[in-house]
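A quick write-up on the structure given underneath.
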Amino acid sequence: MKFTKKDILGIKDLSVEEIKLILDTAESFIEVSTREIKKVPTLRGKTIINLFFEASTRTRTSFEIAGKRLSADTINISASTSSVVKGETLIDTARNIEAMNPDAIVIRHSAAGAPHLLARMVKQSIINAGDGAHEHPTQALLDMMTIREKKGRIAGLAVAIVGDIAHSRVARSNIYGLTKMGARVIVAGPAMMIPRDIERMGVSVYHKLEDAIKDVDIIMMLRIQMERQQQKIFPSLREYSNYFCLNRNNITLAKDDVLVMHPGPINRGIEISPDIADGPYSVILDQVTNGVAVRMALLYLLIGGKS
Amino acid sequence: MKQKKIVMDAEALDRSLTRIAYEILERNKGSKELCLVGIRTGGVFLAERLRKKISRIEGADVPVGILDITLYRDDLRITDRKPKLGRTDIPFSLDNKKVILVDDVLFTGRTIRAAMDALIDFGRPKLIQLAVLVDRGHRELPIRADFVGKNLPSSAWEDIVVNLTEKNGIDEVLIQDSNR
């Protein structure tokens, strides 16, 4: 099949065939990162701008490494050191970047829809690296890749996503992706963290961790966003971890070969206990490895051919 | 009606590969330090067949790798369709190895240029030799094969099709009018 998308804005816009093509391509890219010379000439002469308006280590580094392993020139702009602090608007920043003629722009922004606005404004390929609480498509793709790698399939698996579903772009993108690929998705968290009508996305809802993870194949723990503690959406961290921390006791409720995933950064002892994060069920670092391959695949598919 | 002609049947194809296997062993004085790398997709099956033949003749097992050259192509920039990327799998070191690169058809030479660039990224082979089932001419780069199954002078508007049992159910080489 031919990949014709100009941008990757969300999993919602991707077809099952497109997701499969991205995952297949990503699998082939794994090998490049295991070589002694971790570089192929595919995107030589292409320029990729990483435009990050929010803090990020993993995603930004992952995109930068992905671009560099394909021989593209990658340039990082973070909001704190850019003209944004001088009051430049997003559209003006984008137009100025466009005038320098890059081939792709990777953007993370706290406002949902910022990448979509950019995609309409500029001719370059836009990749959404996380927009507000909306979508984080590359995270969902690397999660699906990790599941497929470890389980051999996605269809028919039961996946529990636990934590602050309402504020999680990771959860939203994964719900779109996993349900499209035929998995059964369960979400769980305190009532304040479950959006109303989330069932319409095709998921079942539980308010107890123990109910949610019973007999599941995959547990995806979400990071408790400490910065939201001020918004008083949960009484205290201790109470949260009493009810929703994945630990060696409650994990026995899941299937024997359960996979534990987490998009990072992890809060040890809050949503996941250290022995589980580092334990045999954890594939958290495989997710990070696969993240580079998924981003290489997207860059290849978007700007690898004639633009 | 499209013209189609069989230029090699199953026996001819097998005899050519047998001869190539002997030639490889003769030129390299045995199978020491030898390895085979097949270029996706046609070359992969041919490399595997050569491995079996060499093992039968010499009693030695020669490692076989798979190379996908998509990421090294020089026409990605100008082609509209993005070729589907396959997996490269060379599970051994190429340092100081005698690498026999295997492909089905040698045409412009651009695939081989890309393959050599890719191989060099994996290490420093002692030497690289090229084995092809069919050499159809029309080179655009200064490249030639060391081992050739059949020289097949062809017109640029003809297609050479190599069918192998492993993927097409039959062993044969066809020459036919191009779809282009």
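Chain naming here is simple, since letters A, B, ... match the order of the sequence lines and numbering starts at 1 in each.
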If you count the non-hydrogen atoms of other residues, nucleotides and ligands that lie under 6.0 Å from CZ in B:F147, is the total more than 12?
yes

Has B:K150 got more than 12 heavy atoms of other residues, nucleotides or ligands less than 6.0 Å from its NZ?
no

Heavy-atom count check: over 12 atoms from other residues, nucleotides or ligands less than 6.0 Å from B:K167 NZ?
yes

According to side chain to side chain contact (heavy atoms under 4.5 Å, CB included), who are the partners of B:F92, at least two apart in sequence or on a separate chain?
B:C35, B:P63, B:I90, B:L94, B:K97

Residues two or more places apart in sequence or in another chain: which of them pass side chain to side chain contact (heavy atoms under 4.5 Å, CB included) with B:T111?
B:I39, B:I69, B:D103

Return the option, out of A:K39, A:R35, A:E36, with the maximum number of heavy-atom pairs under 4.5 Å with chain B.
A:R35

Count the heavy atoms of every other residue, nucleotide or ligand shown that sit under 6.0 Å from NZ of A:K5, and state whether that count exceeds 12.
yes

Is B:E140 atom CD crowded by more than 12 heavy atoms from other residues, nucleotides or ligands, each under 6.0 Å away?
yes

Work out which heavy atom in A:I37 is nearest to a heavy atom in B:I120; give both atom names and the distance.
CD1-O, 4.5 Å

Among residues 20-32 of chain A, those lying within the under-4.5 Å heavy-atom range of chain B are A:D24, A:T25, A:E27, A:S28, A:F29, A:E31, A:V32

Can you say whether A:K38 sits under 4.5 Å from chain B via the side chain, the backbone, both, or neither, judging by heavy atoms?
neither

Bottom line for B:Y72: the part with an atom under 4.5 Å from chain A's heavy atoms is both

Roughly how far apart are B:L71 CG and A:R44 CZ, rounded to 0.5 Å?
13.5 Å

Salt bridge (Lys or Arg N to Asp or Glu O under 4.0 Å) contacts in which one or both residues fall within residues 122-134 of chain B, not counting sequence neighbours
B:E33-B:K126

